[in-house]
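Keep in mind that the numbers below use all heavy atoms, side chains included, and drop hydrogens, waters and symmetry copies. Just so it is clear, the model here is predicted, and its values are computed rather than measured.
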Amino acid sequence: YSKDLPDSERFDLIDRMNRNSGFIPSNTAEGSGRRTKKHFAKFLSTSLSSAFKHQTELLICDRRKYGNKENFDKSPLLTVELRKKSYSFN
C-alpha cells in the first residue's frame, strides 16, 4: 500500500507504517518464545498496539486521499483479522 503514497511521506507516514507492520509479527514471534503465558500476553499486547497504530495510519492516508483506494479497502480488513487472531490467544 505504501508504494502508492507520495514521496513527501517517505520519511514520516511510510516509515511508521513499515515499522508497525514489521513490529506485529516480530513481537508475536518473540512472545511465543517466552516461558510464561503472562510474558507471551505482554508481547501480544504490544503486537496489537502496533496493529491499532497501523490502522490509524491507514485512516490518515485515506483522509489525505493518499494511495490506491482498492488496496486501502483491503487493508483495514486485514488489520481487523489480525486483531481477532491476537485476541484468540488470550
Side-chain angles (χ1 to χ4, degrees):
Y1 182 83
S2 63
K3 292 176 185 170
D4 295 324
L5 301 182
D7 289 338
S8 62
E9 292 293 348
R10 182 173 173 203
F11 297 109
D12 187 28
L13 195 54
I14 294 172
D15 182 55
R16 287 195 318 253
M17 290 173 71
N18 287 334
R19 279 186 286 124
N20 282 322
S21 64
F23 289 156
I24 296 164
S26 295
N27 279 304
T28 303
E30 186 174 352
S32 70
R34 298 298 171 153
R35 298 187 137 203
T36 67
K37 288 184 179 184
K38 183 177 179 179
H39 282 111
F40 185 37
K42 179 182 176 203
F43 280 88
L44 283 179
S45 177
T46 302
S47 288
L48 200 52
S49 294
S50 294
F52 281 115
K53 285 191 264 184
H54 188 70
Q55 188 168 8
T56 299
E57 287 150 2
L58 289 170
L59 291 171
I60 290 168
C61 288
D62 185 54
R63 289 184 182 142
R64 293 180 181 175
K65 307 286 189 239
Y66 291 163
N68 178 305
K69 182 68 173 160
E70 185 178 316
N71 287 339
F72 171 78
D73 290 341
K74 293 177 191 174
S75 296
L77 297 174
L78 296 172
T79 304
V80 168
E81 185 63 29
L82 173 68
R83 288 191 341 233
K84 287 179 185 177
K85 288 180 181 181
S86 293
Y87 285 137
S88 74
F89 281 105
N90 293 330

| task | For residues 41-56, pull every pair meeting salt bridge (Lys or Arg N to Asp or Glu O under 4.0 Å), keeping only residues two or more places apart or in separate chains. | result | none

| said: Could you walk me through whether Arg19 and Ser50 satisfy the side chain to side chain contact (heavy atoms under 4.5 Å, CB included) test, starting with their C-alpha distance in whole Å, then the side-chain angles of each, then the deciding distance to 0.1 Å, before giving a yes or no? | reply: CA-CA 9 Å; Arg19 279 186 286 124; Ser50 294; over 6 Å; no

| remark: All heavy atoms of Ser47 vs all of Thr28, minimum pair found to be OG-OG1, 2.9 Å

| Distance in Å, Leu58 CG paired with Arg63 CZ, rounded so as to fall on 0.5 Å steps | 11.5 Å

| task | Establish whether Phe23 and Phe52 are linked, either directly or via other cluster members, by ILVMFWY side-chain heavy-atom contacts under 4.5 Å. | result | no

| task | Quick one: list whatever passes side chain to side chain contact (heavy atoms under 4.5 Å, CB included) with Thr46, sequence neighbours left out. | result | Asn27

| Roughly how far, to the nearest 0.5 Å, is the CZ atom of Phe43 from the OG atom of Ser26? | 11.0 Å

Show which side-chain atoms of residues 30-38 pair as donor or acceptor with protein atoms under 3.5 Å away, not counting sequence neighbours.
from, atom 1, to, atom 2, distance (Å)
Glu30, OE2, Arg34, NH2, 2.8
Ser32, OG, Ala29, O, 2.7
Thr36, OG1, His39, N, 3.1
Thr36, OG1, His39, ND1, 2.7

| Considering residues at least two apart in sequence or located in another chain, which fulfil the side chain to side chain contact (heavy atoms under 4.5 Å, CB included) criterion with Asp12? | Glu9, Arg16

| said: Test your reading of the model: is there a side-chain donor-acceptor pair from Ser45 to the backbone of Ala41, 3.5 Å cut-off? | reply: no

| said: To the nearest 0.5 Å, what is the distance between CD on Glu57 and CG on Asn20? | reply: 5.0 Å

| task | Go through Tyr66 and Ile60 one step at a time and tell me if the side chain to side chain contact (heavy atoms under 4.5 Å, CB included) criterion holds. | result | CA-CA 8 Å; Tyr66 291 163; Ile60 290 168; 6.0 Å; no

